[in-house]
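Structure first, commentary second.
Protein chains get the first letters and strands the later ones, always in sequence-line order, with residue 1 at the start of each. Small disclaimer: the values here were computed from a predicted structure and weren't measured.
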Amino acid sequence: MWLGAAIFVVAYVGIASEKVHRTLVALLGGVVIILAGVIDQHQAFAGIDFNVIFLLAGMMIIANILGSTGVFQWMAIRSAKMARADPFRVLVALSTITAVVSAFLDNVTTVVLIVPMTLYIASTLRLSPMPFLIAEILASNIGGTATLIGDPPNLLIGSAAGLDFTAFLENLAPVVVPIYLAFLGLARLMLVRDLKVDPELRQALLKLDERDLITNPKLLRQGLIVLGAVIAGFLVHGALGYEAATIALAGAAVLLIWSRYDVHEALVHVEWTTLLFFVGLFMMVEGIVRVGLIEQLAKAALSLTGGNLTLTALLLLWLSAFASGVVDNIPYTATMIPLVRDLGQHMPATPLWWSLALGACLGGNLTIIGAAANVLVANLAERSGHPIRFGEFLPYGAIVTLVSMVISTVYVWARYLLVWPV
Amino acid sequence: METRENTIRSTRVADAEKLLPIGWSPVPEDMPLRDVGELVSRYPAMRVLPVVNARQKLVGVIPVEALLDDIFFQVVPEEFLAEVRDFENSARLGRIITARVARDISQPAVSVHEDETVKVAFVRMHSHRLTGIPVVDDQNRVTGYLDMLELLLVWLRSQPRTRAKPHPLAAVPEPDPSTERGGRPHPSPHPQGEGTGGEVG
């Protein structure tokens, strides 16, 4: 057991340190787990959740094809014009687009497409892009919390716990909405309170013709139809007896065939490094599950909380938020899932799953390294001459995360813990 | 035995850069992009701009295409905004949007010493996807400019003619022996007044 634990801890530290690419660390860890004899290849591969892998791949293909039509750029410019170039309204518009798109497509693709629009709008209005970029980081994590497919931790939890798209909508969307509204209020106070724009500069933005941003109207129509069908499929996949990955893959395949989009072009933009990171991670987690380490940790957690459901759920919520903020929320969630599953044998699992989901997703806002989308925005901002330093982001992230956690605590307690016997 | 290929490869940069009368000028790293555009219009044959610091040392290069991207972005931003597909495109567009001076759109410095060979020059130009390259001295100060066309001329002059006369439109220019450095205009001072070379020839 200790060999498996040691391999896992070393790999985890390697991932957290970011000195080596996390995919390399995860793959190496997964292979070493086998080579060291902790588990065999069959067992390691059995631990790979292909539902998560192919759900991600399918949605990435759809997102990339839609992205090539210019629709996200159109949405950003159109909404900025509708906001009449007022700084706060522009922030609300761009953040809302980021949050909504992040709920249905992966956060990374969303921010890659939104950031240049933000830089352009800020440059045209002669404003610093920093408030808008920070707001978009925070919005992407909040929006992504609302659905099964919005954030990788939700994908992992949904697949492991058998929770479908509708379950996530019914359980998390009701708390994400007030959290998002609270975030907008905080953004008004913290980010754009003193921003003013010269009326002449507003006109410069309003003159832009966003219709020219749509590069392929036919492909856009096809993409939106397929995306709509996929979301409809997600809403009923549980009832139909299909996994979410089947729906996503079906949508990607249909869109590729219908649009005759170049397959190589579509696949080259899939984030294979992310998918292989998941593969390595699953193999390592399977290793520590099979050697009994997770079972030991679950027993320790139970003795710590005395088997009290309320204490366990709220501890899990806040611990997940903190942990996700300081280390990658994907390996954290992947490690906690078997632990929660074990705990679920001694107490109702439902509050625990939602506490884990809320903490892991919203905790990504705590620091600039808390989520992949955060790091990506920071990289893009730095390459554009506007670096977002760790210390610069921390006050905003900490405040928004704290408020999010308070609202989540009230929600989890009121919805799940009041009704369940302690 | 010295082969034609070896001869071509061993040709010095200093000899190759005399073959065409290409005027050039260094670009100060803090020069506003509009001024860089005007400078390029005075030296239309210069396809890669050498960017220098206050001590006139090479600190970067700007392919003219990159400068054109910045200019055309001001005119038709929709065309560039719609091109964003991935992280690299996104980062590139971000740089274009926020660029104000030469330093902002400058790529890492690539150069060749005048005593190095055309083979070295070609390898560096090819690996960095450049169609020209600054020539520097031992102190990394820019002393000239070598264009890809001059490399082409080195190769052409080494090839035996397959016909008695070349096509009327395809006459290869010979260097003009009546001017210093084979007909190449000297670099002129940049608009700010500090430059490395003499007057325009």
Side-chain angles (χ1 to χ4, degrees), chain A residues 60 63-74 76-77 108-124 126 128-129 133 204-205 207-216 220 265-266 268-271 273 372-373 375-377 379-387, chain B residues 27-37 49 51-54 59-63 65-110 128-130:
Chain A
M60 283 175 186
N64 286 331
I65 293 175
L66 266 177
S68 72
T69 67
V71 63
F72 301 116
Q73 294 87 320
W74 179 89
I77 300 299
V108 167
T109 301
T110 305
V111 298
V112 161
L113 297 173
I114 286 289
V115 166
M117 307 305 118
T118 307
L119 292 172
Y120 174 73
I121 291 168
S123 173
T124 303
R126 299 276 195 275
S128 166
L133 293 176
L205 181 65
K207 275 189 215 164
L208 189 67
D209 191 350
E210 68 277 10
R211 289 173 298 181
D212 292 337
L213 293 168
I214 301 295
T215 56
N216 192 330
L220 174 59
E265 179 68 18
V268 81
H269 290 293
V270 171
E271 289 167 49
T273 50
V375 174
L376 201 68
V377 173
N379 280 343
L380 287 169
E382 182 170 15
R383 288 172 73 159
S384 305
H386 297 279
Chain B
V27 175
E29 60 180 346
D30 57 353
M31 179 181 270
L33 291 177
R34 184 190 162 83
D35 293 342
V36 177
L49 314 176
V51 180
V52 299
N53 61 14
V59 293
V61 294
I62 300 174
E65 298 81 35
L67 179 66
L68 290 175
D69 278 349
D70 177 79
I71 292 169
F72 282 113
F73 179 79
Q74 313 298 328
V75 181
V76 279
E78 303 89 342
E79 192 64 28
F80 292 84
L81 294 172
E83 278 179 353
V84 175
R85 292 289 316 279
D86 53 30
F87 179 82
E88 284 306 320
N89 268 347
S90 187
R92 178 177 149 266
L93 187 58
R95 280 196 300 276
I96 291 174
I97 290 169
T98 57
R100 297 286 178 264
V101 296
R103 183 192 305 118
D104 296 337
I105 62 171
S106 174
Q107 296 176 14
V110 180
H128 291 90
R129 295 195 168 85
L130 298 174

Quiz item: Among L208(A), N379(A), V108(A), who wins on heavy-atom pairs under 4.5 Å with chain B?
Solution: L208(A)
Quiz item: Quick one: of G70(A), P116(A), G67(A), who has the most non-hydrogen atom pairs under 4.5 Å with chain B?
Solution: P116(A)
Self-check item: Side chain to side chain, I121(A) and I77(A), heavy atoms closer than 4.5 Å
Solution: yes
Quiz prompt | Sidechain N-carboxylate O distance under 4.0 Å for D70(B), R95(B) | solution = no
Practice problem: Let me know if R100(B) has heavy atoms under 4.5 Å from chain A in its side chain, its backbone, both or neither. | Solution: side chain
Self-check item: Proximal component of I214(A), with respect to chain B [non-hydrogen, under 4.5 Å]
Solution: neither
Quiz item: Who pairs with E88(B) by salt bridge (Lys or Arg N to Asp or Glu O under 4.0 Å), at least two apart in sequence or on another chain?
Solution: R383(A)
Quiz item: Out of D212(A), L213(A), T124(A), L119(A), which one racks up the most heavy-atom pairs below 4.5 Å with chain B?
Solution: L213(A)
Quiz item: With V377(A), which of V111(A), V112(A), I114(A), T118(A) fulfils side chain to side chain contact (heavy atoms under 4.5 Å, CB included)?
Solution: V111(A)
Quiz item: Under a 4.5 Å heavy-atom cut-off, does chain B meet the side chain of S68(A), its backbone, both or neither?
Solution: both
Quiz item: L93(B) versus chain A, heavy atoms under 4.5 Å apart: side chain, backbone, both or neither?
Solution: side chain
Quiz item: Take atom CD in E79(B); do more than 12 heavy atoms of anything else shown fall under 6.0 Å from it?
Solution: no
Quiz prompt | Test of ring centre spacing under 6.0 Å for Y120(A) and F73(B) | solution = yes
Exercise. Specify which of S123(A), A76(A), P129(A), A122(A) makes the most heavy-atom pairs with chain B at under 4.5 Å.
Key: S123(A)
